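Note sheet for the following structure.
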Amino acid sequence: MSFLEDLNIVQQKAVKAVNGPVMIIAGAGSGKTRVLTYRIAHLVGCKVPCYQILALTFTNKAANEMKERIIKLVGDHASELWMGTFHSMFARILRREAELLGYNRSFTIYDSDDSLSAIKKCMEKTGLSQQQISPQTVRARISAAKNQMMSQKIFAERAREFLDEKVAGVYGEYERLLQRSNAMDFDDLLVKPIDLFHRHPAVLEKYHHRFKFILVDEFQDTNRAQYEVIKLLARKHRNICVVGDDAQSIYAFRGADIRNILDFSKDYSDCQTYRLEQNYRSTKNILSVADTLIKNNHDQLTKDLWTENPDGEQVVLLESADDRDEAYQITAAIQQEIIDNQLSLKDFTILYRTNAQSRSLEDVLRRGGVPYVIVGGIRFYERKEIKDVLAYLRLLTNPNDDESFLRAVNYPPRGIGGTSLDHLQTYAGKRMLPLLKSIAHLDQINELQERARINMARFGAFIEKYTSLKSKISTSELARSMVDELGILKLFKDERTPESLGRWENIHELLSAISEYGDEHPDGTLESFLEEVSLVSDIDMWEGNRSAITLMTLHSSKGLEFPVVFITGIEEGLLPFYSTLIEREELEEERRLFYVGITRARTKLYLSRARMRYRFGEPAFCSPSRFLSEIGEGHRIGPQTKNIRHRFESASYTERRQPQRIRTGAEKREDEKLFSDDSPDYESESQDILEIKKGSMVRHEMFGTGRVIQVSGHGDAMKATVDFQEHGVKNLIVKFARLRSA
């Protein structure tokens, strides 16, 4: 047991508390993994057979690393440990007991794509149209029900709304399909063991005898199903040890329930609690900021973090004019840090709240020739929803692009099936025609059903319409109008899942990128924009083991650490993230997310906010995050140091961009919970549209000042011909032109 000498006094006590329920509250950087690893090694050293220990983690990587360390401490027999993720461990149990649930041991585990495909089949069988309700929405509802241990019968009984009534029907058919297919989805791997143990007490007794000691890592991230199955397994011996930090509970959107850790001592009144409060990672200044921030949360377990590390440098606050300026300042600060402290690019990470924020950062880093890698996501222009929209834009410039045609033709769904596309491709292939041009000959393809023929013709007319508009309106207006007519944004917004809302925001960010490109390149064309984007998608200079800056979301950063950390977008509506209404529980999770980001830093922390961001294709003012006021006063947070300057001033985007006027939203109400979204509501277009008359002087964000020489059409179809002083005559769609009185 000499390895216990590596631990501090509190860590040793937590490791040696073998019997009964134990809760280890492990503050950030307090050696949680070491304590969990040494505790298992200590159990083995106390002659507990390895097969009687069940250790549950949230990643296979964490489990494998811990098992390797345990083997080094106690020997090869530790390889018999049952250690792994919840899903992998309970899949092993289900393999052994599957026949009791009507399955055989070779059942298939459906991943998310398999599950979605099955949901679509069930929707078709129950007569629920995918145009009426998206399959992703149905899958999300069923998954949430399973994680709340709500059977189809109970879900159906509680259904009160139209959506839930329809989902209940699909839920039942989905369960029957899984059973017939001898398949389980990821949620079943947690729910089926609970069902098994309730229906077969003898099986539960068998596993009581098998697992006498249960350990759970990252306990704050468990959902109710995970908590229930652990509770069942620990019911007899009650030797359960949970390790976690309520201050790092940031996955409520995945079903994680912070009540599991907050209420653990209520379910186990005799539990021994140990608080790991000594931080080994961060400087005193960084830790002080983190501790001060998190103490603003109401729902938390008390702890006071401290460290013997040096005070370290001040936390730096960067204040930028806009998101592009923010990216330049961060890049310049990184270069200065490398010069001053002999650091490598791999010592830096840039964290953001949403994936859409990476676009400006990537653009500046790429143009500066600075290598970077993205963790937990893919490059902005490689994301599916972005490539889908770009496929339309590419078709407008190259009608021979069959790949873009196939990507766009049935997205959003138009009722053009695979068989119909096969007939079209056969016809086009025989005549060596591009697919888009083959649409002109639909009446010659006898195999096509009338519905497919009509929908293909409509798609061709849509592309033709925007191809003709390409030379008449700006690229920004073209993209906005096209996306609006496609209805993609509404589809994503209606799904209301975390994934769909992220895609919704990414498309808005693409529209911002197109607007910014037009501002930077007044003579730029759609073709030149697509050429620049293709370089981002095709060239990957950061593969292999090269030193590179790491970009990731705050959620992805959990469990990692870096010498220098940048946290961007510390503004109301972004961090904390909300649109109009944010409840206290949601605000506290946003605060915990910020806390996680802060505590990733070892020696230096930069916090960054912009005064203006392009949102939804338009500039919008940004208010400083309330979190800055919570941590700023009385703590060592300083402004950007004087020796940090733009290293790209000759190419500075901000100083060339002069927005004419920034529209603000409704007045913020006094109620703290309700905030206005200062950015325009792009989809509803409820904002006032300037009354356009022949002869009036107007101003355009790209073309400047001009005189209206002709007006035609009404409502959304209204067009204006404007003679601009610097750019000549332009034909504009008034709804999307953003004209202002000159």
Side-chain angles (χ1 to χ4, degrees), residues 54 56 58 85-95 97-98 100-103 107 109-110 112 115 118-119 122 137-161 163-165 167-179 183-205 207-208 211 214 216 218-236 240 242 244 249 251-264 266-268 497-498 585:
L54 174 64
L56 299 168
F58 273 81
T85 65
F86 276 86
H87 291 91
S88 63
M89 291 298 98
F90 287 108
R92 288 177 64 180
I93 292 176
L94 289 170
R95 294 281 183 204
E97 315 296 342
L100 295 174
L101 295 173
Y103 290 79
F107 64 81
I109 299 174
Y110 277 1
S112 57
S115 176
I119 291 287
C122 295
T137 299
V138 176
R139 182 181 64 176
R141 292 292 181 108
I142 293 175
S143 178
K146 287 188 175 186
N147 283 318
Q148 291 295 321
M149 298 169 291
M150 194 183 302
S151 67
Q152 187 275 337
K153 181 179 179 181
I154 296 174
F155 185 87
E157 290 173 351
R158 295 182 181 179
R160 296 292 181 270
E161 299 178 355
L163 175 59
D164 286 341
E165 290 174 354
V167 170
V170 178
Y171 190 175
E173 184 59 36
Y174 177 59
E175 290 292 89
R176 289 188 286 272
L177 183 151
L178 289 173
Q179 191 81 47
M184 298 185 192
D185 61 21
F186 283 155
D187 297 316
D188 287 332
L189 299 181
L190 302 177
V191 177
K192 295 293 185 185
I194 298 173
D195 184 33
L196 172 71
F197 295 151
H198 281 308
R199 289 167 54 184
H200 302 279
V203 175
L204 178 59
E205 179 62 27
Y207 287 99
H208 281 162
F211 300 128
I214 300 173
V216 185
E218 302 287 6
F219 187 64
Q220 76 280 350
D221 294 333
T222 54
N223 60 33
R224 296 309 290 182
Q226 289 166 324
Y227 185 72
E228 179 64 21
V229 72
I230 295 165
K231 193 174 178 180
L232 285 169
L233 283 174
R235 188 164 67 189
K236 182 173 184 178
I240 179 172
V242 300
S249 178
Y251 293 116
F253 67 93
R254 294 181 185 171
D257 194 336
I258 194 174
R259 292 176 299 170
N260 293 348
I261 192 168
L262 295 178
D263 297 342
F264 185 80
K266 295 179 182 178
D267 290 339
Y268 298 91
T497 64
E585 293 80 5

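This structure is a prediction, so every number in the text was calculated from the model and none was measured. Because only heavy atoms are used, hydrogens play no part in the values below, and waters and symmetry mates are left out as well, while side chains stay in.
With hydrogens and angles ignored, the 3.5 Å screen pairs a side-chain donor or acceptor of N147 with a backbone N or O of S143. A donor-acceptor contact shorter than 3.5 Å links the side chain of Q179 to the backbone of G102.
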- Begin from the C-alpha positions of N223 and Y251 and carry the test side-chain hydrogen bond (donor to acceptor under 3.5 Å, both in side chains) through to its verdict. CA-CA 9 Å; N223 60 33; Y251 293 116; over 6 Å; no
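For E161, the CD atom is loosely surrounded, since the number of other residues' heavy atoms within 6.0 Å does not exceed 12.
Using a 4.0 Å cut-off between charged nitrogen and carboxylate oxygen, D164 and R158 do not count as a salt-bridge pair.
Every residue two or more places apart in sequence or in another chain was checked for a side chain to side chain donor-acceptor pair (under 3.5 Å) with Y171, and none qualifies. Under the salt bridge (charged side-chain N to carboxylate O under 4.0 Å, His left out) criterion, R92 pairs with no residue, sequence neighbours left out. Residues satisfying the side chain to side chain donor-acceptor pair (under 3.5 Å) criterion with T222, sequence neighbours excluded, are N260. In this view, K192 satisfies the side chain to side chain donor-acceptor pair (under 3.5 Å) rule with no residue, not counting sequence neighbours. Applying the side chain to side chain contact (heavy atoms under 4.5 Å, CB included) criterion to H200, with sequence neighbours excluded, gives L100, L196, V203. Residues meeting the side chain to side chain donor-acceptor pair (under 3.5 Å) test with Q226, sequence neighbours left out: none.
Looking at R235 and F197, their side chains never come closer than 4.5 Å, going by heavy atoms from C-beta outward. Side-chain contact check for K236 versus E205: some heavy-atom pair is nearer than 4.5 Å.
Using a 30° and 60° split on the angle between ring planes, F219 and F264 fall in the perpendicular class, above 60°.
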